[in-house]
Amino acid sequence: MIIEKRQLEQVQLRHLVVRRGPPEDCVVWWYGAARRNLRDRTLPLIVVWFRRLRADGSLGPFIRHDVGITELALLQIGTIWNEGSCRSQILLEEREFSVDFSPGKWRYTSQARSADLGPDPLIPVDEYPLRHPLRDRSEVLVFDLQDGRELLVPSLEFFSRCYGRSAEVNRVLSTYRWSDAEPRLYLPDTEPVPSGLWSVKLPSNIYNDDAMFVAHVKYDNHARIAAKSVYSNLETQFDSPSGWAFPQIGPWFVGPAKLIVEGIPLARDRFLALRIVGGSEPNGPRIWSFRENPGEADEPAPDGAPQSDWTGGRDKRHGDIRSLVNVTPNDPAGHDGNIVEVRNPGFRIVGPRREVVPHKLSNAKTRPGPPVPDEKSDKHSPGERQGSGATGVASIHTLTKLESSGAARDVWNALLHLKQTCREVIEAVGWCSAQLDEINFIDKEPCMVALLPSDEKQDKGVALPASNWVYVDHAQTRIRGVLIAFVRTPDRSAYIFEIERRSGQRTAQDGSTYEKEQAFCGLIVSPPAGAKPSEWIPKVLEGIRSNQGVMVRVIPYCPGHLVDYYRRSSSRADDIAGHSTVVAALGKVNITVPRPKDKPRE
């Protein structure tokens, strides 16, 4: 097997455990057994198998390193390390799968169990050789796909990427029995919550992006059982004669779902997912999340109120800075060390996001503690603070990114989302054509208007550049379209014009290629009352065609009232791709929709 590298977008972290390895490149190949950490109440350790990567891309022998269970997202399978730091990963095939998390639609197995059942191993030795080719006991999730194929996902990869968005959730679930774990995930409610909603009060170490998972653990019995079984599954096996554990950690909600994975196709219609890069979120009630931080309450605590144990006010710096951060699972964090925010590879959300509304406390019951001076630490641990040492805290978490369906489709989906969530502002959403005055409110799938090419020709019969531009493909066989979306509000109506983008291969600085859409602004028009779409929309389309989609030049073709161009934007608080783009566009014509509020990190 020859390995092809892909440069990562940013400098990754230095890992002190891996730093003990050889100076040449080594690639993370597989997750092995878990073992108990000898320090009391500290996170379990995972055997991670590396393989040496030779200069010609061929693979050498296996190398073992034991790392904390919270660091698997940093040491994802396929990442390439050299003297403890990582700047690249192997290029794997990306696929999106529709799966079902319902019982009976998936199961656990392992290479060893499949070898016992027949001559065909789960993972063929000649396609992806493991350290123990036929006796590997690591648990693998097998999802039965509708077309008869199977998707294989390592159980520990599923745990690392799908159980919350922070390593703190992974640490708590794998380190403490439930009586100690539960109060570390959420606190007793102290605020009134409207009927029908789920509420969750988050401790200082739990990120806001964890609120959805934690709320399910609190209210959904299936999720609660899955969360509780992580520790019990590990401890039961730790107490066995071997002392090794191969945990079974599977889906924590029931029903259809999507997974975006990177991996390799195997024989017998199987796909081995080595990295999970995205997925969908479960449906359910709206979630209100609260924080215990008294310093951010609407009303401070009265004089004489007790002092809080809140420690969230410590200085924090980000792990994506150019200087590398030393991470170690072997030393507990001390009370004097500083906090470094370490970011895992992002997680792309497929489909609409679950609505999670962050809220402050109305009235603080305690006073914030005094600022704690932090010593600059030369290494950071994901464990809980113990003693007075200067080892800092590595606050490891994953940023979520919304999966785009293309700029035009994102705008349409976001409009439908706003119609459901802001009904007092958005009365109706539809689409229209160039010739008809009626708006289509029935079909949920919008049609695009074709930008017909001009009949103008240059000398010698060569088409003008503007004529070439109206084709969305280089072969000039498919006409570019324009989405004309309609929005009605109590005060006015507006039309949004979004151009169909050509998607093409781009080349990064390291020589790797990636897919990217053309960049165009959108156009929003709120015409005068009584203006017929069939009279002015064709003029706008002619302006788009002749100006090759430069919307600032199209404005003179629009009816004079409220008109402007807008740029594509995004926010960490977006519920769906295109959310911020549409809200900003509507604001250009004085249609005010509540903006997504940027969710704080803690």
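Just so it is clear, the model here is predicted, and its values are computed rather than measured. Heavy atoms only: backbone and side chains are in, while hydrogens, waters and symmetry mates are out.
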Self-check item: Intermediate values then yes/no, side chain to side chain contact (heavy atoms under 4.5 Å, CB included), Val99 and Lys258
Solution: CA-CA 6 Å; Val99 295; Lys258 290 185 180 295; over 6 Å; no
Quiz item: Val27 and side chain to side chain contact (heavy atoms under 4.5 Å, CB included): which partner among Thr79, Ile80, Ile77?
Solution: Ile80
Quiz item: Just wondering, more than 12 heavy atoms not from Glu424 lying within 6.0 Å of its CD?
Solution: yes
Quiz item: Between Tyr108 and Trp106, does the ring centroid distance fall short of 6.0 Å?
Solution: yes
Quiz item: Would the number of heavy atoms belonging to other residues, nucleotides or ligands and lying under 6.0 Å from CG of Asn283 be above 12?
Solution: no
Quiz item: Would you find a donor on one side and an acceptor on the other, under 3.5 Å apart, between the side chain of Arg184 and the backbone of Ala181?
Solution: no
Practice problem: Check the pair Arg224 / Tyr219 against side chain to side chain donor-acceptor pair (under 3.5 Å), numbers first and verdict last. | Solution: CA-CA 8 Å; Arg224 190 179 184 86; Tyr219 289 94; over 6 Å; no
Exercise. Please determine if Glu96 and Arg348 form a salt bridge, counting it only when a charged side-chain N lies under 4.0 Å from a carboxylate O.
Key: no
Quiz item: Salt bridge check: are Glu93 and Arg95 linked by an N-O gap of less than 4.0 Å?
Solution: yes
Exercise. Check whether any side-chain N or O of Thr236 sits under 3.5 Å from a backbone N or O of Ser232 as a donor-acceptor pair, and report yes or no.
Key: yes
Quiz prompt | Side-chain (Ser155) to main-chain (Ile249) donor-acceptor, under 3.5 angstrom | solution = yes
Quiz item: Is the side chain of Asp210 donor-acceptor paired with the backbone N or O of Ser166 at a distance under 3.5 Å, no angle test?
Solution: yes
Quiz item: Is the backbone of Cys162 close enough, under 3.5 Å, to the side chain of Trp252 for a donor and an acceptor to pair up by distance?
Solution: yes
Quiz item: With a 3.5 Å cut-off and no angle check, do the side chains of Asn170 and Thr70 form a donor-acceptor pair?
Solution: no
Quiz prompt | Residue from Val193, Val214, Leu185 passing side chain to side chain contact (heavy atoms under 4.5 Å, CB included) with Val200 | solution = Val214
Quiz item: With a 6.0 Å cut-off on ring centres, are His65 and Trp49 close enough?
Solution: no
Quiz prompt | Sequence-distant partners of Arg36, salt bridge (Lys or Arg N to Asp or Glu O under 4.0 Å), two or more places apart | solution = Glu235, Asp239
Quiz item: Atom CH2 of Trp288 and atom CG of Asp189: how far apart are they, to the nearest 0.5 Å?
Solution: 11.5 Å
Quiz item: Under 3.5 Å, is there a donor-acceptor pair between the side chain of Arg161 and the main chain of Ile276?
Solution: yes
Quiz item: So, the side chain of Arg137 versus the backbone of Phe246: is there a donor-acceptor pair under 3.5 Å, distance only?
Solution: no
Practice problem: Would you please classify the geometry between the Phe158 ring and the Phe143 ring as parallel, tilted or perpendicular, with 30° and 60° separating the classes? | Solution: tilted
Quiz item: With sequence neighbours excluded, what pairs up with Tyr186 under the ring-ring contact (aromatic ring centres under 6.0 Å, His included) test?
Solution: none
Quiz item: Without hydrogens or angle criteria, can the side chains of Asp136 and Trp30 be said to hold a donor-acceptor pair below 3.5 Å?
Solution: yes
Quiz item: Does the Arg354 side chain pair with the main chain of Arg286, one donor and one acceptor, at a distance under 3.5 Å?
Solution: no
Practice problem: Decide side chain to side chain contact (heavy atoms under 4.5 Å, CB included) for Gln248 and Ser229; before the verdict, give the C-alpha distance in whole Å, the side-chain angles of both, and the deciding distance to 0.1 Å. | Solution: CA-CA 9 Å; Gln248 293 184 339; Ser229 68; over 6 Å; no
Quiz item: Only one of Glu157, Gln89, Glu71 forms a side chain to side chain donor-acceptor pair (under 3.5 Å) with Gln76, so which one is it?
Solution: Glu157
Self-check item: Geometric cation-pi criterion, Arg165 with Phe213: 6.0 Å, 45°
Solution: no
